[in-house]
Peer 1: 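Quick one: the structure is below, questions incoming.
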Amino acid sequence: MRVRLIVAYDGTNYKGWQVQPNGITIEEVLNKKLTELLGEEIVVTGASRTDSGVHSLGNVAIFDTNTRMPADKISFALNQRLPEDIVVQNSCEVPADWHPRCQNSRKTYEYRILNRTFRMPTRRFDTYFYHHPLDVEKMQKAASYLEGEHDFKSFCAVGAQVKTTVRTIYSCEVKKDGDIITIRVEGNGFLYNMVRIIAGTLVKVGGGELSPEQIPKILAACDRSAAGPTAPAHGLTMIGIEYLDEVCIGEYCG
């Protein structure tokens, strides 16, 4: 059977999702612990290959297994073996041909900025500290220009191998709560480093180095050098993926 996992993790201690030769990854840990649990070689496939240091509340992974253990019980058994910074939130059976990257879906990311005079040690792993005051209203205005279908080549890391750089952003919002500025982006898919480049560009707007009205020109340039810097990975959290056509087999899909 094919099993779908919803995986939350603190990416601080990992070299991203995908197996790498230079350090431990989320995918590597899941493969190892599932293989031990089920007594067969397991290889998971993830929906999003988050970078080193990036966090997630709901990445999606699938794997095939011959186990007789019910799919919805695998999450409970697996969590007993996983380290405390990786927790499977749900497991369920899906059709044998279901793939997390080939579905009609809506992905949500949040980038958090700690905007205050001094650092706050308890937020050092999940926010990007930026001490210069940022104008949230200007950032929100700039963010609104990113909504809709656009060619986001200016917001894609150089050298990324993709068929097209056109993506649709359903919403891009900037809000402030106390010292935390949150950039929340929802779209049908994201290019390599796209959300971090959006965050870096909006920081430039908030700091007065770019005007909101320059965003359409940056999009039109289709040139990575036209946009702002890539914001640090640790401020980024993948919130989750909503599949518009539910596919779980069984009573509970999570």
Peer 1: Is any side-chain heavy atom of Ser52 less than 4.5 Å from a side-chain heavy atom of Gln20?
Peer 2: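 SC-SC contact between Ser52 and Gln20 ruled out.
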
Peer 1: Just checking Glu137: does its CD atom have more than 12 heavy atoms from other residues, nucleotides or ligands closer to it than 6.0 angstrom?
Peer 2: no

Peer 1: Shared ILVMFWY cluster between Leu78 and Ile24, side chains joined below 4.5 angstrom?
Peer 2: yes

Peer 1: Give a yes or no on whether Leu5 and Val60 share a hydrophobic cluster (residues Ile, Leu, Val, Met, Phe, Trp, Tyr; joining criterion: side-chain heavy atoms under 4.5 Å apart).
Peer 2: no

Peer 1: Does atom NE2 of His131 have more than 12 heavy-atom neighbours, drawn from other residues, nucleotides or ligands, at distances under 6.0 Å?
Peer 2: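 For His131, atom NE2 is not crowded (no more than 12 foreign heavy atoms under 6.0 Å).
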
Peer 1: Looking at Ile86 and Val7, what are the two nearest heavy atoms and their distance?
Peer 2: CG2-CG1, 3.9 Å

Peer 1: Ignoring hydrogens and geometry, is there a side-chain-to-backbone donor-acceptor pair from Tyr243 to Pro100 under 3.5 Å?
Peer 2: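 Checking the backbone N and O of Pro100 against the side chain of Tyr243, a donor-acceptor pair under 3.5 Å is found.
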
Peer 1: With a 4.5 Å cut-off on side-chain heavy atoms, are Glu149 and Val166 touching?
Peer 2: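 They are in side-chain contact.
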
Peer 1: For the residue pair Asn115 and Leu134, what are the closest heavy atoms and their distance?
Peer 2: OD1-N, 3.1 Å

Peer 1: When you measure from the centre of the six-membered ring of Trp98, is the NZ or CZ of Arg2 under 6.0 Å away and within 45° of the axis?
Peer 2: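 No, Arg2 does not sit over the ring of Trp98.
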
Peer 1: Within the distance-only criterion (no hydrogens, no angle test), does the side chain of Ser91 pair as donor or acceptor with the backbone N or O of Ala71 below 3.5 angstrom?
Peer 2: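 Yes; judged by distance alone, with no hydrogens or angles, the pair exists.
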
Peer 1: I'd like to know whether CG of Asn22 has more than 12 heavy-atom contacts from other residues, nucleotides or ligands below 6.0 angstrom.
Peer 2: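 Correct, the count exceeds 12.
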
Peer 1: Find the distance between CD1 (Ile180) and CZ (Arg116) and round it off to the nearest 0.5 Å.
Peer 2: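 If we round to the nearest 0.5 Å, Ile180:CD1 and Arg116:CZ are 8.5 Å apart.
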
Peer 1: Testing the basics here: between Lys138 and Val205, what is the closest heavy-atom pair and its distance to 0.1 Å?
Peer 2: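 Here Lys138 and Val205 meet closest at O-CG1, 3.6 Å.
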
Peer 1: Rounded to the nearest 0.5 Å, what's the gap from CG on Leu210 to NZ on Lys217? Could you check?
Peer 2: 11.0 Å

Peer 1: Taking only Lys NZ, Arg NE, NH1 and NH2, and the carboxylate oxygens of Asp or Glu, determine whether Glu173 and Arg184 approach each other closer than 4.0 Å.
Peer 2: no

Peer 1: Do you know which two heavy atoms are closest between Ala8 and Leu57, and how far apart they sit?
Peer 2: CB-O, 3.7 Å

Peer 1: Determine whether Glu36 and Arg81 satisfy the following criterion, salt bridge (Lys or Arg N to Asp or Glu O under 4.0 Å), listing intermediate values before the conclusion.
Peer 2: CA-CA 9 Å; Glu36 292 174 358; Arg81 295 171 177 265; 3.7 Å; yes

Peer 1: Counting neighbours of OH on Tyr170 that are heavy atoms of other residues, nucleotides or ligands and sit closer than 6.0 Å, is the number greater than 12?
Peer 2: yes

Peer 1: For residues Val203 and Ile181, determine if any side-chain heavy atom of one lies less than 4.5 Å from a side-chain heavy atom of the other.
Peer 2: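 No - every pair of side-chain heavy atoms lies 4.5 Å or more apart.
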
Peer 1: Is Lys141 paired with Glu213 through a side-chain N to carboxylate O contact shorter than 4.0 Å?
Peer 2: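 A salt bridge is present here (some side-chain N lies under 4.0 Å from a carboxylate O).
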
Peer 1: What's the spacing between Thr45 OG1 and Leu30 CG if we round to 0.5 Å?
Peer 2: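 Answer rounded to 0.5 Å: 11.5 Å.
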
Peer 1: Determine, using the 4.5 Å side-chain heavy-atom cutoff (strictly less than), whether Ile6 and Val29 are members of one ILVMFWY cluster.
Peer 2: no

Peer 1: Evaluate Ser75 against Asn90 for side-chain contact (heavy atoms from CB on, under 4.5 Å), listing each step before the verdict.
Peer 2: CA-CA 6 Å; Ser75 55; Asn90 173 252; 5.8 Å; no

Peer 1: For Trp17 and Gly46, which heavy atoms make the closest approach, and how far apart are they?
Peer 2: CZ2-CA, 3.6 Å

Peer 1: Measure the spacing between CG of Asn31 and CD1 of Ile26 and express it to the nearest 0.5 Å.
Peer 2: 11.5 Å

Peer 1: Thr201 vs Ile215, test: side-chain contact (heavy atoms from CB on, under 4.5 Å). Steps then yes/no.
Peer 2: CA-CA 9 Å; Thr201 303; Ile215 298 299; 3.9 Å; yes

Peer 1: Could you tell me whether Lys15 and Asp51 make a salt bridge, using a distance below 4.0 angstrom between a side-chain N and a carboxylate O?
Peer 2: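 No.
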
Peer 1: Of all heavy-atom pairs between Tyr145 and Pro216, which one has the smallest distance, and what is that distance?
Peer 2: CD2-CG, 3.5 Å

Peer 1: Kindly indicate whether the side chain of Phe118, heavy atoms from C-beta on, has any atom under 4.5 Å from the side chain of Asp179.
Peer 2: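 Side chain of Phe118 against side chain of Asp179, heavy atoms only: no contact under 4.5 Å found.
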
Peer 1: Taking Asp223 for the side chain and Ser154 for the main chain, is one N or O donor matched with an acceptor at less than 3.5 Å?
Peer 2: no

Peer 1: Would you find a donor on one side and an acceptor on the other, under 3.5 Å apart, between the side chain of Thr127 and the backbone of Phe129?
Peer 2: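 No: the side chain of Thr127 does not pair with the backbone of Phe129.
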
Peer 1: Are Tyr9 and Thr50 close enough that some pair of their side-chain heavy atoms sits under 4.5 Å apart?
Peer 2: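 Yes. Closest side-chain heavy atoms under 4.5 Å.
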
Peer 1: Side-chain contact, heavy-atom cut-off 4.5 Å: Ile74 with Phe63?
Peer 2: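 Counting from C-beta outward, Ile74 and Phe63 do come under 4.5 Å.
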
Peer 1: Whether the Gln18 and Thr25 side chains hold a donor-acceptor pair (N or O, under 3.5 Å, no angle test) is what I'd like checked.
Peer 2: no

Peer 1: Would you mind telling me which of Ile218, Ile169, Leu191, Thr165 makes a side chain to side chain contact (heavy atoms under 4.5 Å, CB included) with Phe155?
Peer 2: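 Passing option: Ile218.
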
Peer 1: Under a 4.5 Å cut-off applied to non-hydrogen side-chain atoms, are Cys222 and Asp151 in contact?
Peer 2: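 Cys222 reaches Asp151 side chain to side chain.
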
Peer 1: Got a sec: does the NZ of Lys107 have more than 12 other heavy atoms crowding it under 6.0 Å?
Peer 2: yes

Peer 1: For Thr230 and Arg224, does a side-chain donor sit closer than 3.5 Å to a side-chain acceptor?
Peer 2: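 Side chains of Thr230 and Arg224: pair found under 3.5 Å.
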
Peer 1: Hey, are the side chains of Tyr14 and Pro83 touching, using non-hydrogen atoms and a 4.5 Å cut-off?
Peer 2: yes

Peer 1: Distance check, rounded to the nearest 0.5 Å: Lys153 atom NZ versus Arg167 atom CZ?
Peer 2: 13.0 Å

Peer 1: With rounding to the nearest 0.5 Å, note down the distance linking NZ in Lys32 to CG in Leu37.
Peer 2: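 Separation between the atoms: 14.0 Å.
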
Peer 1: Between Asn79 (side chain only) and Val88 (backbone N and O only), is there a donor and an acceptor less than 3.5 Å apart?
Peer 2: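 Pair found, side chain donor or acceptor close to backbone of Val88.
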
Peer 1: Taking a hydrophobic cluster as the set of Ile, Leu, Val, Met, Phe, Trp and Tyr residues connected by side-chain heavy atoms closer than 4.5 Å, whether directly or through intermediates, do Phe152 and Met139 fall within one such cluster?
Peer 2: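 Yes, because Phe152 and Met139 connect within a single hydrophobic cluster, where side-chain heavy atoms sit under 4.5 Å apart.
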
Peer 1: Side-chain heavy atoms under 4.5 angstrom apart, residues restricted to Ile, Leu, Val, Met, Phe, Trp, Tyr: same cluster for Val44 and Met238?
Peer 2: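 Different hydrophobic clusters.
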
